[in-house]
Number of protein chains: 2
Amino acid sequence: MTTTAPTSSAVRLAAETWESLFRSQVAVMRRLQAGAAFKKLPIKEYDVLFTLSRCPTGKLRLNEINDHVLLSQSSLSRLVDRLEKRGLVERSIAPDDGRGILLGLTAAGQELQKEIGREHIRDIAELVAPALTADEQRELLRLTEKLQAFVAHK
Amino acid sequence: MTTTAPTSSAVRLAAETWESLFRSQVAVMRRLQAGAAFKKLPIKEYDVLFTLSRCPTGKLRLNEINDHVLLSQSSLSRLVDRLEKRGLVERSIAPDDGRGILLGLTAAGQELQKEIGREHIRDIAELVAPALTADEQRELLRLTEKLQAFVAHK
DNA sequence: CCAAAATAGATGCATTTGCATGTATCACTG
DNA sequence: CAGTGATACATGCAAATGCATCTATTTTGG
């Protein structure tokens with residue numbers, strides 16, 4: 001046994017931490033996706049609209065979106081088909097990569113994202129704000145950002 | 001505007017906290033499900049085995065499992081079909097509710113859960129332990145448990 | 001007690017998803 | 001520069017999922 005091997009209690013703590021994070025995510029997500037906000041658009045499709053609405057350039061490569069969702073590459077492609085068919089997004093060729101697709105919101109897409117987002121954000125606050133103090137929320141935000149940053153660069 | 005209305009900055013903090021929690025979950029989950037541990041069994045199916053292995057009685061009602069996963073009732077029923085077909089779980093009639101099904105692990109199910117779990121837990125530790133200190137992990141555990149407990153009882 | 005409403009889980013059918021594969025483009029190397 | 005390997009995204013096809021519905025059982029309220 002070397003001094004750098006993880007101890008079983010360290011492994012157990014990591015596992016329990018992950019389990020708790022995952023289960024809390026499930027608990028909140030079950031509530032959110034069942035809400036009235038997602039009658040018009042499934043939450044996974046909304047997520048793409050939201051991600052596009054939040055990015056500085058307003059456009060993203062499909063593979064960039066794909067790095068942040070739990071869908072296979074092909075499923076994301078098909079999800080984008082559905083959004084495009086509804087006139088909510090538009091595909092264009094990426095200017096610096098002939099293989100690539102840039103995705104942007106249409107005006108209708110922006111409008112729908114805002115409409116759903118208003119209700120969605122209220123649902124989130126209804127769940128999170130009474131559960132945790134503002135300081136606790138900030139700490140949770142910091143810890144999960146730290147975790148995500150590590151995993152993203154690993 | 002009443003004094004009990006949530007302020008927009010309180011709503012925003014809750015939303016950002018949720019977003020960060022959700023994205024970190026996605027980042028970790030993408031890694032875990034892509035790991036060698038889940039070549040033998042998809043992670044959603046493993047999750048049911050794991051949940052059964054962790055419960056005090058060794059058996060759970062389908063609707064109890066369903067309260068903690070992101071699958072519809074029918075999809076869980078079908079997932080359990082698949083596990084049963086592989087001889088990993090067995091269904092029995094709940095003794096106190098003629099509508100109900102109790103689910104339990106078979107010996108093969110226990111064995112496979114342990115086998116996959118050994119590798120899975122190592123993968124988790126590889127992601128979480130270098131990202132967060134032990135104190136941070138404990139704090140994250142506490143906060144997510146608090147959140148989950150609130151949402152579960154709301 | 002009885003009827004109505006609610007609940008539990010299985011199933012039909014349509015939709016979504018994932019694996020494998022294909023085509024085109026890009027990056028790298030000699 | 002040319003060939004090879006890697007990457008980006010679409011598509012075929014099979015599997016998984018979700019909505020709606022069904023049957024049986026339990027719970028509720030008068």
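In what follows, every chain begins at residue 1, and chains take the letters A, B, ... in the order their sequences are listed. The figures that follow rest on heavy atoms only: side chains count, while hydrogens, waters and symmetry mates do not. Just so it is clear, the structure is predicted and the values come from calculations on it, not from any experiment.
- Across the protein-nucleic acid pair, A:Phe38 atom CZ and D:dG18 atom P stand 15 Å apart, rounded to whole Å.
- Contact between the side-chain N/O atoms of A:Ser72 and the OP1/OP2 oxygens of C:dT17 is not found at any separation under 4.0 Å.
- Between the C1' atom of C:dT11 and the CD1 atom of B:Ile101 lies a distance of 14 Å, rounded to the nearest Å.
- Spacing between atom CG of A:Asp96 and atom C1' of C:dC26 amounts to 11 Å, rounded to whole angstrom units.
- For A:Arg82, taking side-chain heavy atoms from C-beta onward, the closest of the listed nucleotides D:dA10, C:dT17, C:dG9 is C:dT17.
- Summary of the strand contacts: B:Glu64 and A:Gly98 both lie near DNA chain C, and taking for each the nucleotide with the nearest heavy atom, the more 5' one is attributed to B:Glu64.
- Backbone-only contact: B:Arg61 has heavy atoms under 4.0 Å from sugar-phosphate atoms and none from a base.
- In this structure, A:Lys40 and A:Arg86 approach most closely via the heavy-atom pair O-NH1, 3.1 Å.
- Straight-line distance from the CG atom of A:Leu41 to the P atom of C:dT16: 11 Å, rounded to whole Å.
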(request) Report the C-alpha separation of B:Gln25 and A:Leu70 in whole Å, then their side-chain angles, then the decisive distance to 0.1 Å, and conclude whether the side chain to side chain contact (heavy atoms under 4.5 Å, CB included) test is met. (result) CA-CA 10 Å; B:Gln25 182 272 143; A:Leu70 289 172; 4.0 Å; yes
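- Nucleotides of DNA chain D nearest to B:Arg99 and A:Ser74 differ in position, and the one nearer the 5' end is that of A:Ser74.
- Classification of A:Lys114 and A:Glu111 as a salt-bridged pair fails, no side-chain N sitting under 4.0 Å from a carboxylate O.
- Nucleic acid contact for B:Asp97: sugar-phosphate only, since backbone atoms but no base atoms lie under 4.0 Å from a heavy atom of the residue.
- No hydrogens or angles were tested; on distance alone, nothing pairs the side chain of B:Arg78 with the base of C:dG9 as donor and acceptor under 3.5 Å.
- Between A:Asp81 and A:Arg91 a salt bridge is recorded (basic side-chain N to carboxylate O distance below 4.0 Å).
- If you take CG of B:Leu79 and P of C:dT17, they are 17 Å apart, rounded to a whole angstrom.
- Counting any heavy atom pair closer than 4.0 Å across all strands shown, A:Leu76 reaches no nucleic acid atom.
- For a distance-only test at 3.5 Å, the side chain of A:Gln73 qualifies as a donor-acceptor partner of the base of D:dA10.
- Atoms CG (A:Asn63) and P (C:dA27) sit 12 Å apart, rounded to a whole Å.
- The side chain of A:Leu71 lies closest to C:dG18, out of C:dT11, D:dA16, C:dG18.
- When each of A:Leu147, A:Thr144, A:Thr51 is paired with B:Arg23, the side-chain contact (heavy atoms from CB on, under 4.5 Å) condition holds for A:Thr51 and for no other.
- Distance CD (B:Glu45) to C1' (C:dG18): 13 Å, rounded to an integer number of Å.
- Atom NZ of B:Lys39 is separated from atom C1' of C:dC19 by 13 Å (rounded to the nearest Å).
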